[in-house]
Amino acid sequence: MRWSHYYLYTTREVPADAEVPSHRLMLRAGLIRKTAAGIYTYTPFGWRSLAKLKAIVRREIDRAGGLEMSMPMVQPAELWKKSGRWQRYGKELARLEDRHGREFCLGPTHEEVITTMVGRDLSSFRQLPINLYQIQTKFRDEIRPRFGLMRGREFLMKDAYSFHTTAECLDTTYQAMAAAYRKIFEACHLDYTMVEADTGAIGGSDSHEFMVLAQTGESEVVHNATDGYAANVEKAEIGALRAPAQEEAVDRREVATPGASTVKEVAELLGVDVLKVVKTLLYQTDQGVVAVVMRGDREVNEVKLQNLLDAEFVAMANEAAVREATGAPVGFAGPIGLAEGVRLIADESVRPLTNFVCGANKDDAHFTGVNWGRDAEPDQWADLLLAAAGDPSPLGGGELVSSRGIEVGHIFKLGTKYSEAMGCDFHSEGGGKEPMIMGCYGLGIGRTVAAAIEQNHDEDGIIWPIPLAPFQLLLLSLNAKDEAVTAAAEALYGQFQEAGIDVLFDDRKERPGVKFKDADLIGIPIRVVVGAKSLAEGQVEMSLRRTREREMVAKEGVLARVRELLAAPA
RNA sequence: CGGGGCGUAGCUCAGCCUGGUAGAGCGCACGGUUCGGGUCCGUGAGGCCGGAGGUUCGAAUCCUCUCGCCCCGACCA
């Protein structure tokens with residue numbers, strides 16, 4: 001491709017709203033343009049990179065037995081009402097009406113559509129298992145889109161759905177898809193990790209996420225290198241915490257704690273360790289108001305809470321609700337004397353505490369010397385602790401380490417949640433009718449490309465991994481008016497094209513400085529520079545974007561050298 | 001949805017407080033210059049100052065409403 005005839009416009013300045021490197025560089029390098037908040041246009045240049053990733057994804061999913069298809073982006077409300085998600089999905093589901101007033105939504109995912117289709121077409125165990133996938137534009141009306149393609153509202157995603165007669169069969173496909181994902185991310189040369197995950201709004205049992213490790217990632221993951229445990233922090237289990245020393249029970253006393261509404265303030269005021277202070281958090285849920293007692297220095301994992309309650313939503317109670325439940329302003333809640341009907345759940349971390357401090361459900365007052373059994377008893381004990389770096393791994397390998405990741409893939413065992421709702425049954429060998437057992441497998445296309453940039457860039461621009469680079473090679477001709485240079489560059493361009501190499505030929509009438517800056521910015525892995533001085537000696541300069549190592553190569557030997565570099569592991 | 005901020009040339013922004021002829025840099029066009037790391041000089045095109053209403057002799061500037069965008073939070077295959 002000749003740059004002079006191509007659609008590739010770089011910018012020196014950045015729109016001020018780009019905060020993370022991938023977003024900034026994708027705009028500057030002319031890969032994407034913003035059309036609306038969280039909605040982007042992919043330029044021809046950017047689209048090439050996405051196309052490369054799509055090809056890798058297709059290759060691996062096809063090998064894993066997937067069959068490519070395509071489903072509509074606009075879906076009838078009827079299907080979503082049938083699965084119950086029309087109500088449950090919330091405002092993220094973009095809804096619209098057609099001219100007749102019929103309700104539709106923009107598909108954020110496609111369980112309803114695929115399950116309905118498979119349910120109609122397949123009816124026998126003999127037709128199973130089957131694994132269908134598509135690469136398609138999704139729409140989720142995110143509350144706050146940000147970071148360019150990392151969290152857009154409209155985005156490209158590969159989603160696959162598998163249908164089975166048995167859990168074992170589902171597991172086989174699940175493992176095969178996990179293996180395919182590994183191959184995909186390895187083929188992209190990404191530093192990633194697979195972690196246990198919560199199933200969220202999609203539902204189901206087993207679930208794993210594929211995280212590309214990056215500081216700018218929106219998810220926190222914890223892992224332990226010794227025992228191999230790795231999980232999204234939302235899901236993470238924790239080994240036994242060190243138990244505090246047991247004390248002889250003392251009398252419970254109410255003490256004045258004016259203005260001390262945080263654990264830290266209370267601990268300081270009373271001169272005790274924060275570990276001695278418990279906090280009681282009030283949540284509003286569709287199951288009613290819930291009070292959670294948590295160790296003073298730790299956070300509640302709201303996902304664990306939601307799963308425990310089997311709740312549709314869980315949110316911190318507002319001030320009015322807190323007052324109603326505790327009779328006190330925020331900051332003085334405790335497990336003793338809560339309003340009627342408030343469910344009290346205590347985290348396991350506070351179980352071994354003796355003579356602890358908690359709010360007195362009274363303005364400016366706390367209790368000291370509180371003991372379980374004698375003074376209070378929760379309706380339920382549970383693990384609601386949000387894992388943190390330094391916690392013991394549940395597998396016993398020592399401390400958990402925390403890192404940040406970009407969620408690029410998420411696979412689920414759905415079970416029969418959708419097949420039952422949508423009536424997707426099969427006749428079993430025994431003649432009975434059973435719901436199909438399903439799995440689903442998502443992979444963010446744009447997000448993966450953004451993650452690749454997040455992991456591969458420097459201060460000058462993108463450093464594409466060869467498999468995702470829009471072009472493999474950038475041929476750069478310096479002196480446009482020098483006939484010998486032009487002729488040599490044209491000859492090389494012809495050779496590269498003939499050899500089937502993805503080449504971008506910078507034949508623009510620009511100064512060398514501009515071309516070099518652009519070359520660094522757009523990050524094509526291999527660069528070949530034809531300039532007057534070296535050409536006089538029959539040589540051209542070759543270099544790699546990643547290492548910046550330069551070498552002079554006789555112009556006759558360039559093609560062979562390029563082939564060598566492309567074959568080498570990146 | 002709560003809190004904060006911003007909408008002025010294609011892009012990045014100044015001007016607004018204290019109302020009086022709409023600006024800069026980059027980009028673009030033209031001429032010259034330069035030619036291995038975003039040359040330099042000159043000329044020029046380009047803006048119902050997001051939209052509506054109000055105050056005023058007069059509004060980019062003050063007031064009200066509205067739309068859009070961004071940041072923090074809650075949220076999230």
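Convention: sequence-line order gives letters A, B, ...; per-chain numbering from 1. Keep in mind that the numbers below use all heavy atoms, side chains included, and drop hydrogens, waters and symmetry copies. What you see is a predicted model; the values in this text were computed from it and never measured.
Across all strands shown, B:C69 forms a Watson-Crick or G-U wobble pair with B:G5, both key distances being under 3.5 Å. Nucleotide B:C17 is matched to nothing when pairs are restricted to Watson-Crick or G-U wobble geometry with both distances under 3.5 angstrom.
For the C1' atoms, the distance from B:G3 to B:G10 is 34 Å, rounded to whole Å. B:G47 sits 31 Å from B:C57 when the P atoms are compared, rounded to a whole Å. One P atom belongs to B:C13, the other to B:G53, and the distance between them is 30 Å to the nearest Å. Separation of the C1' atoms belonging to B:G44 and B:A9 is 14 Å when rounded to the nearest angstrom. Rounded to the nearest Å, the gap between the C1' atom of B:G19 and that of B:G58 is 8 Å. Rounded to a whole angstrom, the distance from the P atom of B:A45 to that of B:G5 is 39 Å. Distance noted for atom C1' between B:C11 and B:U56: 35 Å (whole Å). A distance of about 10 Å separates the P atoms of B:U61 and B:G20, rounded to the whole Å.
In this structure, CD of A:Gln284 is placed 18 Å from P of B:C1, rounded to the nearest angstrom. Separating the NZ atom of A:Lys34 from the P atom of B:G10 is a distance of 17 Å, rounded to the nearest angstrom. Rounded to an integer number of Å, the gap from A:Arg33 CZ to B:G10 C1' is 11 Å. Between the OH atom of A:Tyr89 and the C1' atom of B:C75 there is a distance of 12 Å, given to the nearest Å. In this structure, CG of A:Leu282 is placed 17 Å from C1' of B:A74, rounded to the nearest angstrom. Put simply, CZ on A:Arg144 is 12 Å from C1' on B:C69, counting in whole angstrom units. The separation between A:Arg146 atom CZ and B:C69 atom P is 16 Å, rounded to whole Å. Rounding to whole angstrom units, CG of residue A:Leu386 and P of B:A74 are separated by 12 Å.
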Do A:Tyr418 and A:Arg85 pass the side chain to side chain donor-acceptor pair (under 3.5 Å) test, and can you show the C-alpha distance, the side-chain angles, and the key distance before you say yes or no? CA-CA 10 Å; A:Tyr418 295 93; A:Arg85 286 159 114 192; 3.1 Å; yes

Kindly indicate, with the supporting measurements, whether the criterion side chain to side chain donor-acceptor pair (under 3.5 Å) is fulfilled by A:Asp198 and A:Asn307. CA-CA 9 Å; A:Asp198 184 70; A:Asn307 289 339; 2.7 Å; yes

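The existence of a salt bridge linking A:Arg527 and A:Glu541 is confirmed by a sub-4.0 Å separation between a basic side-chain nitrogen and an acidic carboxylate oxygen.
The only member of A:Met117, A:Glu112, A:Gln134 that meets side chain to side chain contact (heavy atoms under 4.5 Å, CB included) when paired with A:Met71 is A:Gln134.
Here A:Glu302 lies in heavy-atom contact (under 4.0 Å) with sugar-phosphate atoms only. Using a 4.0 Å heavy-atom cutoff across all strands shown, A:Met157 reaches at least one base atom of the nucleic acid. Residue contacts shown for A:Asp518 include a base, since a base heavy atom lies under 4.0 Å away.
Remark: A:Glu68 CD is packed, more than 12 non-hydrogen atoms of other residues, nucleotides or ligands lying under 6.0 Å away.
Across every non-hydrogen atom of A:Tyr441 and A:Leu170, the tightest pair is OH-CD1, 3.7 Å.
For the pair A:Arg447/A:Ile406, a side-chain contact is recorded, criterion being any heavy-atom separation below 4.5 Å from C-beta on. Side-chain contact between A:Leu31 and A:Pro470: present, with at least one pair of heavy atoms (C-beta onward) separated by less than 4.5 Å.
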Contact letters for nucleotides 32-37 of chain B, in which S counts primed atoms plus P, OP1 and OP2 and B counts the base, heavy atoms under 4.0 Å: --BBBB

